[in-house]
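Contents: one structure, followed by commentary.
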Amino acid sequence: MNIYWDSFKTFFKIGIFTLGGGYAMIPLIEEEVVNRKQWVSKEEMLDLIAIAQSCPGVFAINIAIFIGYKLRKVKGAIATALGTALPSFLIILAIAIFFKQFEDNRVVAAIFRGIRPAVVALIAVPTFRLGQRAKLNRYTIWIPVVCALAIWALGVSPIYIIIIAGICGYLYGKLGSQKLSS
């Protein structure tokens, strides 16, 4: 099968069945791209998630672009990006066309109230899995907790958190490699 069509279909399917944005897509992307298709390893997936979070733009599109680029460079990136974005675009277009007819409908409002907690779970599960893969333990769990509290309670920009974490990781790597070579 044509890899461009296959990657487009894979990410289109992920895009259709994902509520809650890019982070809710992580389990579906992982199942398809890591487990079923084996386009990337689990370790690569963790790295791609970290890079996609750090880059400007939509997380889901970023990760799709990185995976597509790994598969077939620019054409692969275009195929996966379109596959990811097109379902959301079509759904939002349909909602925009028909929403006025349903905005006061109690059934539709109740459905959206029911979806909200499920979306929280869809985001929480990949967060815990990422923590496990990042090998968080009792000595390192404080790092994401402090970062989350700094963003939430103190209003620190996530950009500063990313920059500080990158600098600390770099310094830790330098110091760690110097200790090993001594």
Give the minimum heavy-atom separation between G15 and M25, together with the two atoms involved.
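Taking G15 first and M25 second, the nearest heavy atoms are CA-CE, 3.8 Å.
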Using every non-hydrogen atom in the two residues, find where P117 and G114 come nearest and quote the distance to one decimal.
CD-O, 3.3 Å
How long is the gap from [atom1] on [X] to [atom2] on [Y], to the nearest 0.5 Å?
X    : Y    : atom1 : atom2 : answer
L46  : K135 : CG    : NZ    : 8.5 Å
I63  : I49  : CD1   : CD1   : 4.5 Å
L136 : I141 : CG    : CD1   : 4.5 Å
I161 : I151 : CD1   : CD1   : 5.0 Å
I67  : N62  : CD1   : CG    : 11.0 Å
R113 : R106 : CZ    : CZ    : 10.0 Å

Sequence neighbours excluded, every pair satisfying ring-ring contact (aromatic ring centres under 6.0 Å, His included) that has a member inside residues 77-97
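Sorted result for residues 77-97: empty, none.
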Output every pair passing ring-ring contact (aromatic ring centres under 6.0 Å, His included) with a member in residues 130-155, not counting sequence neighbours, ordered by first then second residue.
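Matches after skipping sequence neighbours: none remain.
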Output the rest of the hydrophobic cluster of V58: all Ile, Leu, Val, Met, Phe, Trp and Tyr residues reachable through side-chain heavy-atom contacts under 4.5 Å, sorted by chain and number.
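I61, I65, all in the cluster of V58.
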Criterion side chain to side chain contact (heavy atoms under 4.5 Å, CB included) against N35, the qualifying member of Q38, E31, K37:
E31
Hydrophobic clusters here meaning ILVMFWY residues chained together by side-chain heavy-atom distances under 4.5 Å, can you tell me if [X] and [Y] are in one?
X    : Y    : value
I97  : V108 : yes
I16  : L82  : yes
I51  : V40  : yes
V120 : L28  : no
V145 : I164 : no

Among residues at least two apart in sequence or on other chains, which ones pass salt bridge (charged side-chain N to carboxylate O under 4.0 Å, His left out) with K13?
E32
Between [Y] and [X], is there a side-chain heavy-atom distance shorter than 4.5 Å?
X    : Y    : answer
L175 : Y170 : no
W39  : V34  : no
L149 : L154 : no
F59  : I26  : yes
V33  : F11  : yes

Return yes when atom CG of L93 has more than 12 non-hydrogen atoms of other residues, nucleotides or ligands closer than 6.0 Å, and no otherwise.
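Atom CG in L93 is packed in, count exceeds 12.
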Only pairs at least two apart or in different chains count here, so list each side chain to side chain donor-acceptor pair (under 3.5 Å) that has a residue in residues 44-54.
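Found S41-E44.
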Filter on side chain to side chain donor-acceptor pair (under 3.5 Å), then keep only pairs touching residues 66-87, sequence neighbours left out; what's left?
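Every candidate side chain to side chain donor-acceptor pair (under 3.5 Å) pair involving residues 66-87 fails, so no pair, neighbours aside, qualifies.
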side-chain contact (heavy atoms from CB on, under 4.5 Å) between F8 and L86, worked out:
CA-CA 10 Å; F8 173 85; L86 195 56; 4.0 Å; yes
